[in-house]
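To start, the structure under review is shown below, and the notes come after it.
Reminder, nothing fancy here: chain letters follow the sequence lines and each chain counts from 1.
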Amino acid sequence: DGGITQSPKYLFRKEGQNVTLSCEQNLNHDAMYWYRQDPGQGLRLIYYSQIVNDFQKGDIAEGYSVSREKKESFPLTVTSAQKNPTAFYLCASSTGRSTNEKLFFGSGTQLSVL
Amino acid sequence: SQQGEEDPQALSIQEGENATMNCSYKTSINNLQWYRQNSGRGLVHLILIRSNEREKHSGRLRVTLDTSKKSSSLLITASRAADTASYFCATDARGGFKTIFGAGTRLFVKA
């Protein structure tokens with residue numbers, strides 16, 4: 001089955017701790033994205049990557065970091081600098097051939113602060 | 001940054017009725033998309049309409065786009081309880097790579 005997989009489904013962070021959210025895709029897509037969703041709100045772009053070994057900041061990148069060492073993987077680290085990390089995090093991918101193209105989403109990770 | 005704004009924020013209807021959601025945006029676009037999200041899940045792509053198209057259909061879905069008014073509408077006909085979800089429009093900015101989402105319309109279909 002082709003798709004995009006996020007893990008874990010639920011994650012808890014202690015104060016001062018960094019945590020990493022996993023996102024893997026087997027769709028052979030070049031572009032990958034991380035979005036944050038707060039309750040009852042839309043999605044806000046954290047980081048995106050159009051190609052391996054390259055990524056750009058989105059609208060709310062402060063307190064987050066990413067890497068894109070492999071085409072199929074785009075992990076997101078929520079650092080201790082992110083003071084309000086509780087949210088639903090969504091990873092997505094697309095072919096990367098054009099702007100605003102169809103996005104394929106994972107099932108999300110709910111991050112909460114202990 | 002540019003963003004689509006959906007209207008209404010929430011909508012409650014009876015099964016069998018039609019549901020209409022609207023999206024307005026601020027700057028010129030290449031295309032506009034609609035997505036659906038069930039509670040606690042990822043988004044699922046519904047339909048994409050290009051800036052040179054005025055109307056598009058997919059099953060019970062009908063999407064219109066009016067670039068002069070910078071607005072789009074999503075019509076779900078003969079709604080079902082299973083259509084209960086949040087619906088988001090997503091836009092780009094000409095020359096920009098990012099996809100930007102609105103805050104969504106929460107649809108509740110009563111059986």
Is [X] in contact with chain B via its backbone, its side chain, both, or neither, using a 4.5 Å heavy-atom distance?
{"X": "A/Q37", "result": "side chain"}
{"X": "A/A92", "result": "neither"}
{"X": "A/Y33", "result": "side chain"}
{"X": "A/L103", "result": "both"}

Partner chain A: residue of B/Q9, B/Q37, B/R41, B/Q33 with the largest heavy-atom pair count (under 4.5 Å): B/Q33
Test item: A/S49 side-chain N/O and A/I51 main-chain N/O as donor-acceptor pair under 3.5 Å: yes
Any donor-acceptor N/O pair, B/E53 side chain to B/T64 backbone, under 3.5 Å: no
Salt-bridge criterion met for A/R44 and A/D38 (N-O under 4.0 Å): yes
Salt bridge flag under 4.0 Å for residues A/K71 and A/D30: yes
Polar contact flag, side-chain donor to acceptor under 3.5 angstrom, A/Y64-A/Y89: yes
Choice from A/Q56, A/Q110, A/Q50 maximising heavy atom contacts with chain B below 4.5 Å: A/Q50
Test of ring centre spacing under 6.0 Å for B/H45 and A/F104: no
Under 4.5 Å from a heavy atom of chain A, the part of B/L48 involved: side chain
